[in-house]
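Letters A, B, ... mirror the listed sequences (proteins, then strands); counts begin at 1. FYI, side chains are in, hydrogens and waters are out, and symmetry mates aren't considered; it's all heavy atoms of this structure.
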Amino acid sequence: MSEEHDLLDNIFDGFLRGPKIFKDREVLRPDYVPEHLPHRNEQLQQIGEILVPVLRGFRGSNLFIYGNTGTGKTAVVKHVLDRLIHKGHEIGASVEGCYLNCRLIGTDYRILARLGESLGIKIPFTGLATNEVFERFKSELNVKHTLIIVVLDEIDALVKAQGDALLYELTRINENLKNGRLSIIGISNDLRFKELLDPRVLSSLSEEEVIFKPYIATEIKDILLERAKISFVENTLSDGALNLCSALAAAEHGDARRALDLLRIAGELAEREGSLVVNESHIRHAGEEIEQDRVVTVLKTLPLHSKLVVCGTYLMKKVRTEGSITGDIYEVYKELCGQLNLEALTQRRVSGLINELDIIGLLNARVVNLGRYGRTKKVRLGVSYSIVKDVFNEDVWLNQVMTYSPKCIGEKNN
DNA sequence: CGTCCACAGGAATGACGGGCGG
DNA sequence: CCGCCCGTCATTCCTGTGGACG
C-alpha cells in the first residue's frame with residue numbers, strides 16, 4: 001500500500017507545491033462565450049441590425065452566415081442572441097431563441113423536438129410522426145405569440161443528411177401563422193452547401209448574408225491576449241509561445257478555436273512538468289498531443305467492424321505501397337472475421353464503413369477508374385501506422401489478429 | 001469503338017424502441 | 001393493456017458507370 005501512496009502523494013504534492021499556471025482554464029474551452037469579441041465588431045453590428053426588428057414585434061430577416069471553423073461565427077451569434085433575448089424580456093416582448101447544432105442534433109425530428117422544447121412543450125424523443133411534432137410546434141408558436149429565432153449551426157450537416165425539406169417547411173411557416181413569427185439563422189463553414197438547396201429555400205434563407213473572414217495572426221494574438229489575461233497567472237505565458245501559437249493557428253485557416261486549444265493544452269503540459277512558464281516547445285508538443293489524442297480516442301471507440309476494416313487496411317499496408325482497393329480490403333476483412341469467428345458484413349456495408357472512416361479521417365479513400373479493371377476506391381490509412389498498431393494491440397479483439405498475414409494477396413502487386 | 005470490370009451508391013428492407021388512441 | 005404507427009439505425013439488394021483494353 002505504501003509504495004503506491006507515496007507515488008501518488010508525490011504527484012499530489014508536486015502539483016500543489018509546483019508553480020501555478022492557470023487562473024481559470026474554463027475560459028480557454030471552445031464553448032466559452034467571451035464578453036468581448038475582438039475584431040468582430042462589424043459582424044456583431046450587422047447581425048444586430050438584421051435581428052433588431054424582433055424587439056418591435058416584427059420578424060427579423062432570415063440570415064445565412066458563412067465562415068471557416070474558429071472564425072467566431074458561433075460565439076458572435078450566441079452573443080447577439082443572448083443580448084437580444086435579454087433585452088426582449090426587459091421590455092416585455094415575447095422573444096425566444098433556440099440554438100441548435102445540426103451535427104449533434106442531426107435529424108428533422110430531433111430538431112423539431114428541440115424547437116418545441118424551447119417553447120416549453122414536452123415532446124417524446126421518438127414515437128410521433130415528424131409532421132405531428134411540426135404541427136404542435138406551430139400551434140404553440142401561435143398560442144404564445146412568440147417571435148422565435150432559430151439558429152441552425154453547421155446547417156450543411158443537416159442538409160447533407162436529410163435534405164432541405166425541413167428548411168423549406170420552416171421558411172414558409174410564417175405564411176399560415178396568425179400570431180408568432182419565426183426567423184432562421186443558418187451557419188455553415190461550407191459555402192458549396194448552397195448548391196444542395198432548392199432555389200426557393202436558398203433565396204428565402206439568405207435574405208441576408210454575413211461572412212466571417214479567417215483571422216490573421218495579429219488578430220488571433222489579440223484574442224489570445226485577452227483570454228490569457230483571464231486564464232493564466234501573470235507572467236506565465238512567454239511572448240514567444242503566444243506568437244508561435246498565433247502563427248500556427250493563422251496558418252491553419254485562421255482558426256481561433258485551434259489557437260485556444262493549443263494554448264490550453266500547452267498550459268497543461270507546462271503545469272505537469274512543473275515549468276514556470278509556457279514556452280514555444282510546449283505549444284509545439286500541444287499540437288502533437290491534440291492530434292494523437294483525437295486519433296486514439298476515435299480508434300478506441302470505433303464499432304468492432306469498423307475497427308476490423310481499419311485493421312485490414314493496416315495489414316495490407318505491409319504489402320501494398322500505393323494504397324489498397326475496396327475489394328482487397330474486403331477480402332482481408334473477411335479473413336479477419338473468420339479468424340475471430342465473426343459473421344462478416346456484406347461488401348456494400350464495408351464500402352459504407354470505409355466512407356465513414358474516410359470522413360473522420362482515419363482512412364483516405366478516393367474513387368478511381370481503372371478502366372478495364374473496374375471502378376473502385378483507393379484506400380490508405382489516414383493516420384500514423386504506429387498509433388494504429390499501439391491502440392489495436394491493446395484491443396481485446398484486435399490483438400489476436402494484429403500479426404495475421406493476409407493470404408488473399410500475392411499475385412498482382414500494385 | 002464497343003465491351004466489361006469491379007465496384008459505387010441509391011433504394012429498399014428489417015429490427016427495435018417507443019408514443020398514441022382506444 | 002393492445003394494436004398500430006412512427007423514426008432511427010444497420011443492413012441488404014441491385015442498378016449504374018468511367019474508361020483501359022482489345
Requested in this report: Compute the ring centroids of A:Y66 and A:F212, then answer whether they are less than 6.0 Å apart.
Outcome: no
Query raised in the report: Hey, does the side-chain of A:R375 have a donor or acceptor N/O within less than 3.5 Å of a partner on the base of B:dG9?
Result: no
Query - Quiz item: A:T126 side-chain donor-acceptor pair to B:dG17 base, under 3.5 Å - result: yes
Distance, rounded to the nearest Å, where [X] contributes [atom1] and [N] contributes [atom2]:
X: A:R372; N: B:dC7; atom1: CZ; atom2: C1'; answer: 15 Å
X: A:I325; N: B:dA8; atom1: CD1; atom2: C1'; answer: 13 Å
X: A:D328; N: B:dA6; atom1: CG; atom2: P; answer: 11 Å
X: A:R366; N: B:dA8; atom1: CZ; atom2: P; answer: 13 Å
X: A:R110; N: B:dG17; atom1: CZ; atom2: C1'; answer: 13 Å
X: A:I329; N: B:dC7; atom1: CD1; atom2: P; answer: 10 Å
X: A:R348; N: B:dA12; atom1: CZ; atom2: C1'; answer: 12 Å
X: A:I354; N: B:dC7; atom1: CD1; atom2: P; answer: 10 Å

Query raised in the report: Looking at A:E117 and A:R110, does any basic side-chain N land under 4.0 Å from a carboxylate oxygen?
Result: no
Just to verify, what does [X] make a side-chain hydrogen bond (donor to acceptor under 3.5 Å, both in side chains) with, not counting sequence neighbours?
X: A:D261; value: A:R264
X: A:R59; value: A:N62, A:E207
X: A:T74; value: A:D153
X: A:E26; value: none

Query raised in the report: So where does chain A start and stop touching DNA chain C, 5' to 3', when the test is distance under 4.0 Å to a non-hydrogen atom?
Result: C:dC6 to C:dC21
Query raised in the report: Can you find a heavy atom in the side chain of A:L370 that is under 4.5 Å from one in the side chain of A:R375?
Result: no
Report summary line: Within residues 298-312 of chain A, those residues having any heavy atom closer than 4.0 Å to DNA chain C are none
Query - Result of checking A:K160, A:K73, A:R103 against A:E154 for salt bridge (charged side-chain N to carboxylate O under 4.0 Å, His left out) - result: A:R103
Query - Residue pair A:S188 / A:D190, side-chain donor-acceptor N/O under 3.5 Å - result: no
Query raised in the report: Has A:T376 got a side-chain N or O lying under 4.0 Å from the OP1 or OP2 atom of B:dC5?
Result: no
**Report entry** Short side-chain N/O contact to B:dA6 OP1/OP2 from A:K377, under 4.0 Å
**Finding:** no
Query raised in the report: With a 4.0 Å cut-off on heavy atoms, is A:E132 in touch with a base, just the backbone sugar-phosphate, or nothing at all?
Result: nothing
Report summary line: By nearest-heavy-atom nucleotide on DNA chain B, the more 5' of A:G327 and A:F125 is A:G327
